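Predicted model, so just to flag it, every value in this text is computed and none were measured.
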Amino acid sequence: MKHLLNLLAAIALLVWGTQLVRTGVLRVFGANLRQFIARGVSNRLRAVLSGVGVTTIVQSSTATALIVSSFVGQGMVSLTAALAVMLGADVGTSVMAVVFSLDLSWLSPLFIFVGVVMFISRQDTTVGRVGRVFIGLGLMLLALRLITESTTVLTQSPVMVTLLEALTSDITMEVLTGALIAIISYSSLATVLLVATLAASGGIPVDVALGLVIGANLGSGLLAVLTTLKTSVQTRQVPLGNLMFKMIGVVLMIPLVNPWFHHMRHVVPDVGSLVVLFHLAFNTVVALVCILLTGKVAWLVQKILPVQVPSPSTSRPHHLDASALSTPSLAISCAAREALHQADVVESMLIGLQQVWQTDDQKLAEDLRKLDDEVDQLYSAIKYYMTKISRAELDETEGRRWTDIISFTINMEQVGDLIERVLQDVEDKKIKKGRQFSQAGLEEINRMHGHLLANLRLAMSVFLNGNVRDAQKLLEEKARFRDLELAYSANHLDRLSENTVQSIETSSLHIDLISDLKRINSLLCSVAYPILESTGALAPSRLREPVGTPH
């Protein structure tokens with residue numbers, strides 16, 4: 001029992017080490033990996049090579065699948081190119097299995113020691129995250145040595161010998177077992193290394209190990225499909241296409257298990273190397289056979305999972321891809337795009353607001369007030385999505401972006417509430433009472449509205465691009481808007497003193513309206529504060545003004 005527990009603990013340590021390496025690399029290089037993949041899909045060969053490169057670094061074809069699936073879901077990469085990337089990703093993880101199969105146990109204490117020092121001394125920096133990767137690598141190498149030691153003892157047990165003999169009875173059982181292990185461990189790499197280590201120590205026969213390797217490859221394809229089940233159709237297409245490639249590989253390689261064993265054992269006497277090289281051969285054969293089939297497989301996948309026509313409702317989040325959460329930098333980008341979607345809805349409300357006070361269209365006013373519910377729903381969805389992104393996994397720049405997105409969506413939600421209140425006031429104080437603004441008053445309000453709409457679009461640009469000059473211009477608009485409010489309030493008082501009937505009837509609404517438009521403008525201009533503060537472009541007096549507080 002003790003030796004069995006030691007083996008299980010070593011397997012768990014191997015899986016955990018793989019997880020540390022994968023998450024650590026994604027935290028350090030997530031944004032760069034995205035750019036690397038985006039630049040590498042111009043043709044099929046480059047797409048395959050980019051998949052090899054990314055997965056060699058990340059050490060997980062599943063993680064690469066989730067990244068590429070997110071790109072397809074956002075329309076950044078074609079499905080055909082994404083499937084080519086996945087062929088390379090599977091080859092990449094096979095290469096890493098070959099590397100780890102070498103006797104690198106002497107590196108384990110060095111990696112763990114250096115990694116712990118780096119992680120503890122600079123935990124929240126890039127150095128600390130690289131230290132986390134070193135810790136993971138050290139634990140993987142240590143786990144492989146412990147698995148070898150535990151298996152050597154267990155193979156002497158009569159019970160274990162009986163169980164292994166039962167496993168050799170059916171290739172189908174071996175494939176299913178390998179797939180199940182890969183799904184449970186969340187890593188085909190860890191599964192293949194485990195199987196190779198068990199075979200090298202005599203724990204399982206070589207032919208059984210080869211069957212388990214085939215199953216591990218199939219399991220990695222199933223794992224990506226299961227992980228993306230609740231995502232958009234476009235996102236699910238990539239894992240499904242990759243699973244089809246895996247199934248083709250299973251059909252091709254099962255008949256080659258015995259020939260590989262009989263012919264290659266004389267060329268590669270080391271059993272562990274024989275197993276991991278079979279894993280590499282599996283994915284190389286699949287890549288060579290399927291590289292020309294990516295277009296046809298993409299067509300078949302689109303027939304099985306057709307893209308649905310999006311609902312006309314704007315309240316549904318368009319960009320909050322759950323599969324992107326495993327890559328913090330990608331998740332941040334998804335949230336930013338959804339925040340702009342929320343701002344688009346607010347812009348629709350603001351444009352419609354002017355039509356309401358000019359045409360007295362009560363039905364339009366009711367429809368626009370309903371849009372505020374959609375703004376609130378988008379705010380809640382973005383906020384919930386953002387809480388799933390661990391702040392500890394973000395670097396300093398991504399951490400600031402996280403805060404900026406939350407601040408922007410809060411401001412947009414407040415702007416939507418203000419527009420809803422203005423619509424209600426226009427209905428109650430103007431439309432229902434049949435009153436009209438004076439011609440001069442209407443022109444002033446329309447002029448303020450034009451400035452406000454331009455500032456909303458400028459605020460969206462500042463949020464998207466972080467341009468300092470645009471941020472300075474937006475902050476200047478705050479002072480200009482304040483001057484407009486004072487001037488137009490004075491003009492309105494002059495009209496009251498002249499006993500202008502229309503001005504008297506709409507006085508309360510007029511004053512409230514220009515005040516609310518100014519408050520909306522202040523919320524929009526607050527987008528500039530984080531940009532200017534990070535560059536030191538804010539005057540000391542400006543720093544005392546809380547971001548997002550209307551004036």
Side-chain angles (χ1 to χ4, degrees), residues 22 25-26 29-97 187-189 217-218 220-225 227-228 231-249 279-280 282-302 305 307 321 323-327 329-331 333-334:
R22 178 171 62 245
V25 169
L26 289 175
F29 303 109
N32 294 329
L33 292 177
R34 290 176 56 221
Q35 296 173 4
F36 181 77
I37 293 176
R39 289 195 299 265
V41 294
S42 56
N43 58 62
R44 293 181 185 181
L45 179 59
R46 290 189 63 182
V48 171
L49 293 177
S50 67
V52 173
V54 169
T55 309
T56 301
I57 297 172
V58 179
Q59 299 185 32
S60 172
S61 58
T62 302
T64 306
L66 296 179
I67 295 174
V68 176
S69 297
S70 299
F71 286 171
V72 174
Q74 296 174 38
M76 299 169 63
V77 173
S78 69
L79 179 57
T80 301
L83 292 177
V85 171
M86 288 312 303
L87 290 174
D90 293 328
V91 174
T93 192
S94 305
V95 171
M96 291 311 301
S187 173
S188 61
L189 174 61
N217 282 280
L218 180 62
S220 68
L222 287 169
L223 178 62
V225 170
T227 306
T228 57
T231 59
S232 65
V233 173
Q234 295 96 323
T235 303
R236 283 185 281 144
Q237 287 177 338
V238 176
L240 179 59
N242 191 47
L243 178 60
M244 291 182 180
F245 291 150
K246 302 282 190 183
M247 295 171 68
I248 292 174
H279 178 49
L280 178 60
F282 179 100
N283 288 293
T284 303
V285 168
V286 170
L288 292 175
V289 171
C290 296
I291 184 63
L292 299 178
L293 301 178
T294 51
K296 294 181 179 179
V297 171
W299 174 84
L300 180 59
V301 167
Q302 289 169 337
L305 290 177
V307 178
D321 190 345
S323 65
L325 289 169
S326 60
T327 310
S329 58
L330 184 58
S333 298
C334 291

Just wondering, do Ile248 and Cys290 contact through their side chains at under 4.5 Å, heavy atoms? yes
Shortest non-hydrogen pair, Ala298 vs Thr80, comes out as CB-OG1, 3.6 Å
Provide the closest heavy-atom pair for Thr294 versus Leu87 in the form atom of the first, atom of the second, distance. CG2-CD1, 4.0 Å
Going by atom type alone, with no hydrogens or angles, which donor-acceptor pairs under 3.5 Å involve a side-chain atom of residues 282-289 and a protein atom two or more places apart or on another chain?
residue, atom, partner, partner atom, Å
Asn283, ND2, Ser94, OG, 2.6
Asn283, ND2, Asn217, OD1, 3.0
Asn283, ND2, His279, O, 3.1
Thr284, OG1, Leu280, O, 2.7

Only one of Leu305, Val297, Val238 passes side-chain contact (heavy atoms from CB on, under 4.5 Å) with Leu79, and that residue is Val238
Roughly how far, to the nearest 0.5 Å, is CG of Leu223 from CG of Leu218? 11.5 Å
Residues passing the side chain to side chain contact (heavy atoms under 4.5 Å, CB included) test with Leu300, sequence neighbours excluded, are Met244, Ile304
Is any side-chain heavy atom of Asp90 closer than 4.5 Å to a side-chain heavy atom of Asn242? yes
Taking every heavy atom of Val225 against every heavy atom of Leu240, the minimum-distance pair comes out as CG2-N, 4.0 Å
For a 4.5 angstrom cut-off between non-hydrogen side-chain atoms, does Leu222 reach Lys246? no
